[in-house]
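Following: one structure in structure tokens, then a few remarks.
Labels below follow one simple rule: chain letters A, B, ... track the order of the sequence lines, proteins then strands, and each chain is numbered from 1.
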Amino acid sequence: MALRLHNTLTRSKEVFTPIEAGKVRLYTCGPTVYAPAHIGNLRTYMFEDILRRYLEWSGYEVTHVMNITDVDDKTIEKAIAEDRDLLEMTESITQRFERDLATLNILPAHHLPRATDYIDGMIGGIQTLLDRGVAYTAGDGSVFFDISKDAGYGQLVNIDPASLRQGERTSDDDYGKDQARDFALWKGAKPADGPYKWSAPWGEGRPGWHMECSIMSSHFLGQHFDIHCGGVDNIFPHHENELAQSRHMFDTPFVNFWLHSEHLIVDGEKMSKSLGNFYVLQELLDRGLTPEALRYTLLATHYRQQLNFTLDKVRESQKAINRLKELARRLEQVPVGHEGQTILPPDDQWRAAMDSDLNISGGLGAIFGWAKELFAALDREALSAPSTGDALAALRSYDKVLGVIFTSSAHANKERIEELIKQRDKARSDRDWSRADSLREELAAMGVILEDTPEGTLWKRG
RNA sequence: GGCGACGUACCCAAGUGGUCCAAGGGAGCGGUUUGCAAAACCGUGAUUCACCGGUUCGAAUCCGGUCGUCGCCUCCA
């Protein structure tokens, strides 16, 4: 059985074979740091996290690079509007971004290069394209890539290059393109850019937004690497252009697998600021939703399917996670040496599902089906000690990918909650049921659900 | 207009030619358990996979058509 991934380049599932045995070089498109990430952005990073974790779970050594776009129209515009230094602003947003990922238990990339640190490399790349005759300078100091020189142009997005050149939107562009969809490798400096410009042989300005990914990916991963990811909106023009320029800058194939995640929509509609259904992580946490429940919600829908994000779905996710956490707790209590039946973990089912283009629903189905058997055996006190150990180990193993069961996220109000529970336990031992019940209601109002067990009172978030 | 995805029980969702008279999660109902709960367990849920037609011994799964939903094509994950 082998891992198969859907390659946008061929629009089909292909068996994944790394360039270098046992190792995977992975590049994922990171954020443009002009505003905090919204839940839709985070969906894509969650998909990439599952991809990376599953590759690692399968035994690959992964090198993961994510770019930080810290110079483009939006970042410059915002810095100037707020009268802040560009790098100071982008750095603070980048740090918030990293905190958001950590909150959701998304593994940080091994390298997080900032575009502004690689401008010299980008200038060198553009020079190569000029030298090779596939790029040209425009009157204002800009440099454009000539797509008519690229026979493969349009392959990723699946459109005929001829139709692109007949595009009717040519005149929209401020820069002097002489062909419809030629794209900017370098943007000549404009007054609106303020101090944010760099010197190049053909004039002052800044890199076009596709160039950074070619240069930074090749810097860390080589000119030919395994997987490049992003959201579907990146397919065109960003990745198409990145592929075109890389193909001509480098003398090797560029990327073997292009993977793209579908968008997240909210309550059935596209998320947008104008519709007012625009969620940022912190707002969701402020509503009392837990990081684990949000993580589960974002990972439980297959990455090539639109994810309809609703608050109900997050609540369902919380319950699903609670079930697995409860299973772990029960397994930990089985006495050593206990006799009983053997129940094997569903490793084959889990692997078969995940190997099929990361079929997470199938994988979760396997885990929950197995969980049901374990609970039934545990209730009958009929699970053998070896099976218990295997089950716990398997649960920990699956959670290396899922990242929602054995988490120890800091809970707000934890001390207050535990104090109230202590008072209630006292009331219960005094058989003061009305006081015990009112304390339980008070805790319920805080979103805390109690479980009285022979081993004491447990609590969890609802 | 071009490109693409999708339509499976009350909701979410896997399954892509027979082992499916269709996984799993959530909600519901009845029962066990519990001081009461919670959690867990037992039982209960689609004779059916948007609709119509076709291929086949056999289709949720393949082909054609119809209807519907959504996305990309412009900055956007």
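Counting only heavy atoms from C-beta on, A:Asp452 has its side chain closest to B:A37 among B:A77, B:G25, B:A37. Looking at the side chain of A:Glu316, the nearest of the listed nucleotides B:C11, B:C36, B:G71 is B:C11. In this structure, of B:G25, B:G35, B:A77, it is B:G35 that holds the atom nearest to the side chain of A:Ala436. The A:Ser361 side chain lies nearest to B:A14 when the options are B:A14, B:G24, B:G35. The side chain of A:Lys319 approaches B:A27 more closely than any other nucleotide in the set B:A77, B:A27, B:G35. When the nucleotides B:A40, B:C6, B:C36 are ranked by their closest atom to the side chain of A:Gln305, B:C6 comes out on top. The side chain of A:Arg440 approaches B:C36 more closely than any other nucleotide in the set B:C36, B:G71, B:A14. Residue A:Lys74 has its side chain nearest to B:C76 when only B:G25, B:G35, B:C76 are considered. The side chain of A:Glu326 lies closest to B:A40 when the candidates are B:G71, B:A40, B:C75. Checking B:G15, B:A38, B:C36 against the side-chain heavy atoms of A:Asn359 singles out B:G15 as nearest.
Within 4.0 Å (heavy atoms only), A:Gly365 reaches at least one base atom of the nucleic acid. Within 4.0 Å (heavy atoms only), A:His38 reaches at least one base atom of the nucleic acid. Contact annotation for A:Asn234: backbone-only contact, meaning every heavy-atom pair under 4.0 Å involves sugar-phosphate atoms and none involves a base. Using a 4.0 Å heavy-atom cutoff across all strands shown, A:Leu264 reaches at least one base atom of the nucleic acid. As judged by a 4.0 angstrom heavy-atom cut-off over every strand, A:Arg323 is placed among residues touching the sugar-phosphate backbone only. Looking at heavy-atom distances under 4.0 Å, A:Glu451 makes contact with a base. Here A:Arg424 lies in heavy-atom contact (under 4.0 Å) with a base. As judged by a 4.0 angstrom heavy-atom cut-off over every strand, A:Arg330 is placed among residues touching the sugar-phosphate backbone only. Within 4.0 Å of A:Gly40, counting heavy atoms only, lies at least one base atom of the nucleic acid.
B:G35 is unpaired under the criterion used here, namely a Watson-Crick or G-U wobble arrangement in which both key atom distances are under 3.5 Å. Of the nucleotides present, none pairs with B:A13 by Watson-Crick or G-U wobble criteria with both distances under 3.5 Å. B:C76: no Watson-Crick or G-U partner with both key distances under 3.5 Å is found in any strand. Pairing partner, B:A23: none, since no Watson-Crick or wobble contact has both distances short of 3.5 Å. Of all nucleotides present, none satisfies the Watson-Crick or G-U wobble test against B:U56 with each distance under 3.5 Å. Shown here, B:U47 forms no base pair; nothing in the strands shown gives a Watson-Crick or G-U wobble contact with both key distances under 3.5 Å. B:U69 is paired with B:A5 under the criterion used here, namely a Watson-Crick or G-U wobble arrangement in which both key atom distances are under 3.5 Å.
With rounding to whole Å, A:Ile449 atom CD1 is found 11 Å from B:A40 atom P. One atom, CD1 of A:Ile68, and another, C1' of B:A77, lie 13 Å apart when rounded to the nearest Å.
Between the side chains of A:Asp452 and A:Thr457, a donor-acceptor pair is found at a separation under 3.5 Å. The closest side-chain donor-acceptor pair between A:Arg52 and A:His110 falls under 3.5 angstrom.
Across A:Gly40 and A:Met271, no two heavy atoms sit closer than the pair N-CE, 3.5 Å.
Judged by closest nucleotide on RNA chain B, A:Ala320 is the one of A:Ala320 and A:His238 placed further toward the 5' end. The residue among A:Thr453 and A:Ser317 whose nearest nucleotide of RNA chain B is located toward the 5' end is A:Ser317.
For the P atoms, the distance from B:G43 to B:G24 is 12 Å, rounded to whole Å.
Using the six-membered ring where Trp is involved, A:Tyr303 and A:Phe47 have ring planes that are parallel, under 30° apart on the 30 and 60° scheme. Classified by interplanar angle (parallel below 30°, tilted 30° to 60°, perpendicular above 60°), the ring pair A:His238/A:Trp209 is parallel.
Stacking here means ring centres nearer than 5.5 Å and ring planes tilted less than 30 degrees, and by that measure A:Trp433 stacks onto B:G35.
More than 12 heavy atoms of other shown residues, nucleotides or ligands fall within 6.0 angstrom of atom CZ in A:Arg11.
With hydrogens and angles disregarded, a donor-acceptor distance shorter than 3.5 Å links the side chain of A:Asp140 to the backbone of A:Ser142.
Using a 4.0 Å cut-off, no side-chain N or O of A:Lys270 falls inside it from OP1 or OP2 of B:C76.
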